[in-house]
Number of protein chains: 2
Amino acid sequence: MNIPNWLKQRAFLTPERTALVFEQTSWTFAELYNETLKTASALRGSGIQKGGFCGILAGNRPETIFTIYALQQIGAVAILLNSRLTADEIEWQLHDAGASHLLFDAHHEQKAAAISSVPSLSIVENTVDRLFNPRDIYSLDETCSIMYTSGTTGRPKGVIQTYGNHYASATGSAFNLGIHSDDSWLCAVPLFHISGYSILMKSVIYGMEIHLFEKFDVAGVNKALKSGDVTIMSVVTAMLSVMVNELTGKYSPRFRCMLLGGGPAPAPLLEECRKNDIPVFQTYGMTETSSQIVTLSPEYALTKLGSAGKPLFPCTIKIDGENEGEILVSGPNVTPGYLHRPEANEQAFQNGWFHTGDIGRIDEAGFLYVLDRRSDLIISGGENIYPAEIESVLTEHEAVKEAGVIGVPDKKWGSVPAAFYVTERPLSSDELAAFCRGKLARYKVPAYFIQVEELPRNASNKLLRRELGAKWRDDHAHKKIDDASN
Amino acid sequence: MNIPNWLKQRAFLTPERTALVFEQTSWTFAELYNETLKTASALRGSGIQKGGFCGILAGNRPETIFTIYALQQIGAVAILLNSRLTADEIEWQLHDAGASHLLFDAHHEQKAAAISSVPSLSIVENTVDRLFNPRDIYSLDETCSIMYTSGTTGRPKGVIQTYGNHYASATGSAFNLGIHSDDSWLCAVPLFHISGYSILMKSVIYGMEIHLFEKFDVAGVNKALKSGDVTIMSVVTAMLSVMVNELTGKYSPRFRCMLLGGGPAPAPLLEECRKNDIPVFQTYGMTETSSQIVTLSPEYALTKLGSAGKPLFPCTIKIDGENEGEILVSGPNVTPGYLHRPEANEQAFQNGWFHTGDIGRIDEAGFLYVLDRRSDLIISGGENIYPAEIESVLTEHEAVKEAGVIGVPDKKWGSVPAAFYVTERPLSSDELAAFCRGKLARYKVPAYFIQVEELPRNASNKLLRRELGAKWRDDHAHKKIDDASN
């Protein structure tokens, strides 16, 4: 099925509407289209062809947006490269996708210079004021973008995102969050992630303004939200947390949606948001679903604590199992598969369902609770144990600041949970074990409690359980608690 | 492609949201779904099958909505029958579609009784509190509804509307008009027309409230719009005109969209709306496009006077000709064709374009001007004359309430325009002719002026020019004005 070329159609329908705001400059859709055509003209001149694959290694800047749209005009596929990758990792992804070119911006010149297997082009120099005749239509089945994700094992896989996937994502999100004529979506998440890229697609499909930030600058973001210039923003927990901490006063009443991805938010943060009248929409999604697939509206934020909500209108979710189990999803926003990975696709797609690898449960009203990533699953004596559940219990203890749980080897049970915890005051393992026994089935109570000064977290503040595993292996003096309990 | 059963999904996602308001009663989506399942259970019990065709002869009442949705649950196709049709005409349509049943409400019992070729069932008695297991998914390619339209010649043709057509229509409209969480759409247009039926589809897809009126009751409608209970309303010019005439005070600021279909609106009416802060969205659409396909936003209402606007995001329009010509449309909301009419389909669909039969032009900025329906075109001495243009001039006269123009036979010119008009005070033909001469090229000035008490209009208040033709032929004492003028 065909659809008019999105940017061309948008520039035709609402040429004078603002498309993009970056620092002190703004572009209307007509201007954005014009910049895009100049970029497309240059890229075509450099040999980029319809159907070709091009890596993009660039930051959150206007020229990156022109380049992303320019590839759509040509009909080339964009491989969105995480700018934190090493040159070797980038080279591996470009090779895996069969890329013809690497496009980079001024900030990634050095890294691009280290890549020799594929010709690279600077997107800053590459605009030509020359006639470019863009295509009139996109096919919804056509591949638009590729983003690499790491699975539980092995090398990263390239997720195919079609035009139809992005269109369905924008549509489903609209039926969930609504569309207002004065909407402006603040994008401080990376454009190379689906969280950022999907904002671009919504912008052209809805005719909506984007407020682009090069970096997540807390003061600048809070200022924009207070000014009323912005109505929607995409965040992860760590971003929201620091925004709320540094907030003085309140956001503008025009600000209507804080779209919160990247895992369940802690109750105290949600409570803080409620106090500050910040409308938090918790969401669950992934690269393979082209952004959100499940969203919780603010009215349920505190009554359905820990839930990611219900599916978008065109989507369906189910649990593979009786009560808890792997989360399966289906819908027109779900990827048709991984690039060049027939075996992984055979595993991941069964009877029309995509197997997310995440573990969850759905309550009687249909709300999804994401319990954990399968890779962290602890199987102990044939029983499944989910670290997140135990961590949640541990942090209920008034003295526990944060906690991380992993599975460690055990002669009798195969694997048992071990808890790492940070406290505000001295707290004995025995006391904490007793506390857990009152809250958890015996087999879930950690066999080990290790007090630490802090937990290992990544840049988005996500707990790195793998590093807890390394910590465990480095330290041999573990004292097992109450062996009979398992 | 499949999509979750709309009403089932909606009742699952937002069970407690209000779906329908009628007089003093309202239904949540959960309640609406429950009523629908009871109706579906009864209809299935009466032998209505998946894939079967059922006529619906019913007014704008809740049980009609339950019936429409119930057929979707079963997977039967609804033939929406215009309630003004004679029993013979209904019988013809039911036969043409191959209907298995006729469903009627209390107000149409007598007419239904006159139809013997197909078993008929009252929808009021037909609800059963019995388990009904609705289907989980719709196929977007599947036929959802059939509506008969009269073409320029011959018998009416049944327009096939698929689930995909209705979904694309709701989507395109959302990207144009926006979606607000507090939206409530007032429906006082017939549910058997696409103008009304499409509101139902939007309601389940968006999760939006409908405010249903059995009849177009001006006072009641104005009250609803002033109260703030309603944010959007679909109207045709004649409805809007009387609403504005009877309006005292202003509509609530919550009222955000007056969706005006059924032909270009006269300038004085638009000016009156502007003065009253009524946000008019003029639109062009038809049964074959499953509702709007072109819409003009209020900021252009007066600067692009007479234009229907630009296409919806997923749609394209073009003119078959150099400057003026037949309007061709394409998009996912366009019908796949007429039921059992291979020849008509071959004519109407060429190279992916649907030939509307309407005449229009597109200005340099891309705005569509619908000049007239081809069937109403008056060709006079080789010149094309469009009745709508003359009507627009006539209603500019302060004493003219409404006007209708047709072509009548003329020995010299082949055809000449004749004007029928309704006035507030006595107004002579000569005075009106002189007024027109100041505004129109001579060949466009009507040769006849016939004062009447009212104009013939259909259920959606659309002018029936054909009946003016019959009126003309029944009355022989026409006095031609200023013969030399042509």
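In what follows, chains are A, B, ... by sequence order, proteins preceding strands, each numbered from 1. On a predicted model such as this, the values are computed, not experimentally measured, just so you know.
- Residue I3(B) touches chain A through its side chain alone, counting heavy-atom pairs closer than 4.5 Å.
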Polar contacts chain B-chain A (donor-acceptor, d < 3.5 Å, no H, no angle):
residue: Q9(B); atom: NE2; partner: L312(A); partner atom: O; Å: 3.4
residue: Q9(B); atom: NE2; partner: F313(A); partner atom: O; Å: 2.8
residue: Q9(B); atom: NE2; partner: C315(A); partner atom: O; Å: 3.0
residue: F12(B); atom: O; partner: K310(A); partner atom: NZ; Å: 2.5
residue: I179(B); atom: N; partner: I179(A); partner atom: O; Å: 2.9
residue: I179(B); atom: O; partner: I179(A); partner atom: N; Å: 2.9
residue: K310(B); atom: NZ; partner: F12(A); partner atom: O; Å: 2.6
residue: L312(B); atom: O; partner: Q9(A); partner atom: NE2; Å: 3.4
residue: F313(B); atom: O; partner: Q9(A); partner atom: NE2; Å: 2.9
residue: C315(B); atom: O; partner: Q9(A); partner atom: NE2; Å: 3.0

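- Going from atom CD1 of I317(B) over to atom CG of L368(B) covers 4.5 Å, rounded to the nearest 0.5 Å.
- Here the straight-line distance linking atom CG of L37(A) with atom CG of L131(A) works out to 8.5 Å at 0.5 Å rounding.
- Counting heavy-atom pairs closer than 4.5 Å to chain A, the top-ranked of the candidates G178(B), G309(B), P314(B), A170(B) is P314(B).
- Ranked by non-hydrogen atom pairs under 4.5 Å with chain B, the options G207(A), P311(A), A174(A) are led by P311(A).
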Pair F313(A)-I205(B), side-chain contact (heavy atoms from CB on, under 4.5 Å): steps then yes or no: CA-CA 7 Å; F313(A) 186 76; I205(B) 294 169; 4.0 Å; yes

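- Contact between G360(A) and I327(A) at its shortest, heavy atoms only, is N-CG1, 3.6 Å.
- Only the backbone of L312(B) has a heavy atom closer than 4.5 Å to any heavy atom of chain A.
- At a 4.5 Å heavy-atom cutoff, the contact between M1(A) and chain B is made by side-chain atoms alone.
- To the nearest 0.5 Å, atom CZ of residue F281(B) and atom CG of residue L177(B) are 6.0 Å apart.
- In this structure, the separation between CD1 on I232(B) and CG on L259(B) is 8.0 Å, given to the nearest 0.5 Å.
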- [ ] Decide yes or no on side-chain contact (heavy atoms from CB on, under 4.5 Å) for F175(A) and I179(B), but give the supporting numbers first.
- [x] CA-CA 7 Å; F175(A) 296 158; I179(B) 302 178; 3.6 Å; yes

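- The line from CD1 of I362(B) to CZ of F367(B) is 11.5 Å long, rounded to the nearest 0.5 Å.
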